[in-house]
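Following: one structure in structure tokens, then a few remarks.
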Amino acid sequence: MNQSKTHISILLDRSGSMEAIRDDVVGGYNAFLREQQQLPGEVTWSLTQFDLEDPREVIHWFLPLAEVPQLDHATFVPRAGTPFYDALGWNIRTLKGALNRMPNELRPGKVVVAVFSDGHENSSRRFSPRRIARMVEERQGEGWQFTFQGCDLVGIREAIACGIPCESTLAYTANAQGTAAAWNSMSQAISSYRTGLSADLTYRDIDESSSPEPFNSLLN
């Protein structure tokens, strides 16, 4: 594997309830993208949107980071329900297959799967939390990092049930300030992991002055 190379896979919830923060999601995603593009290092980028009508709408797939365009309102159109399990399960399986087909010297040494959502699971048909938890555990054994952002605490608990570590989940408030802070927190965490300042992707060391409180502290 190429330890100097990173792949970032974004799973973006486009379900109907995201309409209330549509502008904030577009703005926050674009700020996050710009910050990642300013960092050194070889990175490829995937963006997949999910909703009940299509739990695997691929917008970009292994695109070099410098070539990734900003998100716009024509692409991000909220609709339908939230098949979180199906989206995550499909993403893990498909991403693993793509990586397996790469020559070893081109395969990224760091793999990040980041989910941004507002609500909780209500539409999946193929994958269960138990099945996904096994998949996540297997990929974590290979060094993959997972993170989940959500403003619904039920959704956060569902992410944890799927094997995503509690300290890698983040609860945010569904308004302009909260959404922007959530994207900023994710950018901080991924940046620290990409650059080697952190050995894993967690929210333990985020700047609390500009970021929402990690969910694990909300449990205390």
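Throughout, residue positions are numbered sequentially from 1 according to the sequence presented.
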Self-check item: Minimum heavy-atom distance Ser168-Tyr203, with the two atoms named
Solution: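 Result for this residue pair: O-CE1, 3.4 Å.
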
Self-check item: Non-hydrogen atoms of Tyr193 and Leu201 that approach each other most closely
Solution: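 Minimum heavy-atom separation between Tyr193 and Leu201: CD1-N, 4.3 Å.
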
For the atom pair [atom1] ([X]) and [atom2] ([Y]), what is the distance rounded to the nearest 0.5 Å?
X: Ser15; Y: Glu121; atom1: OG; atom2: CD; answer: 10.5 Å
X: Thr82; Y: Met18; atom1: OG1; atom2: CE; answer: 9.0 Å
X: Gln149; Y: Met186; atom1: CD; atom2: CE; answer: 5.5 Å

Self-check item: Residues that Glu35 engages under salt bridge (Lys or Arg N to Asp or Glu O under 4.0 Å), provided they are two or more places apart
Solution: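 Applying salt bridge (Lys or Arg N to Asp or Glu O under 4.0 Å) to Glu35 gives none.
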
Heavy atoms from other residues, nucleotides or ligands near [atom1] of [X] exceed 12 (cutoff 6.0 Å):
X: Glu53; atom1: CD; answer: yes
X: Gln70; atom1: CD; answer: yes
X: Arg93; atom1: CZ; answer: yes

Self-check item: Intermediate values then yes/no, side chain to side chain contact (heavy atoms under 4.5 Å, CB included), Val25 and Asp118
Solution: CA-CA 10 Å; Val25 168; Asp118 71 328; over 6 Å; no

Self-check item: Those residues that, when tested against Gln145, pass side chain to side chain donor-acceptor pair (under 3.5 Å) (two or more places apart)
Solution: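 Residues passing side chain to side chain donor-acceptor pair (under 3.5 Å) with Gln145: none at all.
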
Quiz item: Under the salt bridge (charged side-chain N to carboxylate O under 4.0 Å, His left out) criterion, do Arg139 and Glu142 qualify, and how do the steps go?
Solution: CA-CA 5 Å; Arg139 301 291 77 80; Glu142 298 175 353; 3.1 Å; yes

Quiz prompt | Reference residue Leu11; test side chain to side chain contact (heavy atoms under 4.5 Å, CB included); the match among Phe84, Trp90, Phe50 | solution =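 The side chain to side chain contact (heavy atoms under 4.5 Å, CB included) with Leu11 is passed solely by Phe50 among Phe84, Trp90, Phe50.
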
Quiz item: Does the side chain to side chain contact (heavy atoms under 4.5 Å, CB included) test come out yes or no for Val112 and His7, once each step is laid out?
Solution: CA-CA 6 Å; Val112 172; His7 181 70; over 6 Å; no

Exercise. Please list, chain by chain and in numerical order, all residues satisfying ring pair (Phe, Tyr, Trp, His ring centres under 6.0 Å) with Trp45, sequence neighbours excluded.
Key: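 Only Phe32 meet the ring pair (Phe, Tyr, Trp, His ring centres under 6.0 Å) criterion with Trp45.
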
Quiz prompt | Donor-acceptor contact present, side-chain Asn91 to main-chain Ala87, <3.5 Å | solution =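 Answer holds: no.
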
Quiz item: Is a side-chain donor or acceptor of Lys5 paired with a backbone partner of Lys110 at a separation under 3.5 angstrom?
Solution: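 Looks like no, no N/O pair under 3.5 Å.
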
Quiz item: For Asn2 and Ser4, does a side-chain donor sit closer than 3.5 Å to a side-chain acceptor?
Solution: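 The answer is yes; a qualifying pair exists.
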
Practice problem: Flag the pair Asp51 and Arg79 as a salt bridge only when some basic side-chain nitrogen lies within less than 4.0 angstrom of an acidic carboxylate oxygen. | Solution: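 So Asp51 pairs with Arg79 through a salt bridge.
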
Quiz item: Taking it one step at a time, do Ile92 and Trp144 satisfy side chain to side chain contact (heavy atoms under 4.5 Å, CB included)?
Solution: CA-CA 10 Å; Ile92 294 171; Trp144 290 30; 4.3 Å; yes

